[in-house]
Amino acid sequence: MNFQMQNFARILQFSVPFSRSFHQCQPLNQIQLLTRLRVVDNSTIGKEAMLEGRPPKCIHVYNKTRIGTIGDKVLVAIKGQKKKAVIVGVKQKQAPLIPKFDSNNIVLIEDNGTPIGTRIHVPVPSILRKILKERSVAKQIDFTKLLSIATKFV
């Protein structure tokens with residue numbers, strides 16, 4: 001019995017450093033907790049964070065599954081502050097006629113739904129218009145202002 005334990009310890013000693021040298025699973029292409037995001041509007045806090053090389057990270061996704069898709073609202077940590085944002089592009093596999101992006105794009109918003117920046121630099125999916133109009137609530141949160149600052153639709 002003692003010999004088996006020594007043999008197991010010897011095998012374990014050599015296998016642990018080897019397994020730490022590479023990843024054993026694929027990286028996830030979905031927005032969930034601690035996902036790094038890219039700010040695509042011209043807000044000052046977003047530009048500073050992206051220039052410093054410290055992109056915002058997702059803290060919370062406001063839906064039941066806790067996995068974000070296009071049009072979902074998220075809470076992000078950016079430059080030591082908590083800000084709300086709307087997802088305008090994701091890397092994960094999409095349904096037909098919804099474009100797939102190279103990065104996970106967000107637009108920073110205030111609590112009432114107005115965007116912090118004045119322009120969106122990347123193309124926005126046209127399906128976002130339908131999604132955000134459904135989620136806008138009269139006299140509370142109005143996401144249509146986010147659509148008006150977008151310059152290009154895909």
Closest approach of [X] and [Y], non-hydrogen atoms and distance?
{"X": "Ile70", "Y": "Pro99", "value": "CD1-O, 4.4 Å"}
{"X": "Val76", "Y": "Cys58", "value": "CG1-CA, 4.3 Å"}
{"X": "Gly68", "Y": "Val90", "value": "O-CG1, 4.3 Å"}
{"X": "Ile116", "Y": "Lys83", "value": "CD1-CD, 4.2 Å"}
{"X": "Ile109", "Y": "Gly113", "value": "CG2-O, 4.1 Å"}
{"X": "Asp41", "Y": "Gly117", "value": "OD2-N, 3.7 Å"}

Say whether [X] and [Y] are linked into one hydrophobic cluster, either directly or through other cluster members, by side-chain heavy-atom distances under 4.5 angstrom.
{"X": "Leu108", "Y": "Phe101", "result": "no"}
{"X": "Ile31", "Y": "Ile67", "result": "no"}
{"X": "Ile120", "Y": "Ile45", "result": "yes"}

Lys79, NZ: over 12 other non-hydrogen atoms inside 6.0 angstrom: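 For Lys79, atom NZ is crowded (more than 12 foreign heavy atoms under 6.0 Å).
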Arg54 CZ: over 12 foreign heavy atoms closer than 6.0 Å: no
Nearest-0.5 Å distance, NZ of residue Lys73 to CG of residue Asn63: 11.5 Å
Value rounded to 0.5 Å, distance of CD1 in Ile131 from OG1 in Thr69: 6.5 Å
[X] versus [Y]: any side-chain heavy-atom pair under 4.5 Å?
{"X": "Pro115", "Y": "Lys145", "value": "yes"}
{"X": "Lys84", "Y": "Asp111", "value": "yes"}
{"X": "Lys82", "Y": "Leu75", "value": "yes"}
{"X": "Val124", "Y": "Val107", "value": "no"}
{"X": "Phe153", "Y": "Leu147", "value": "yes"}

Taking [X] for its side chain and [Y] for its backbone only, find out whether a donor-acceptor pair lies under 3.5 Å.
{"X": "Thr118", "Y": "Ile149", "result": "no"}
{"X": "Asn42", "Y": "Arg119", "result": "yes"}
{"X": "Asn104", "Y": "Lys91", "result": "yes"}

Candidates Ile78, Val86, Leu37 - the one meeting side-chain contact (heavy atoms from CB on, under 4.5 Å) with Ile106: Leu37
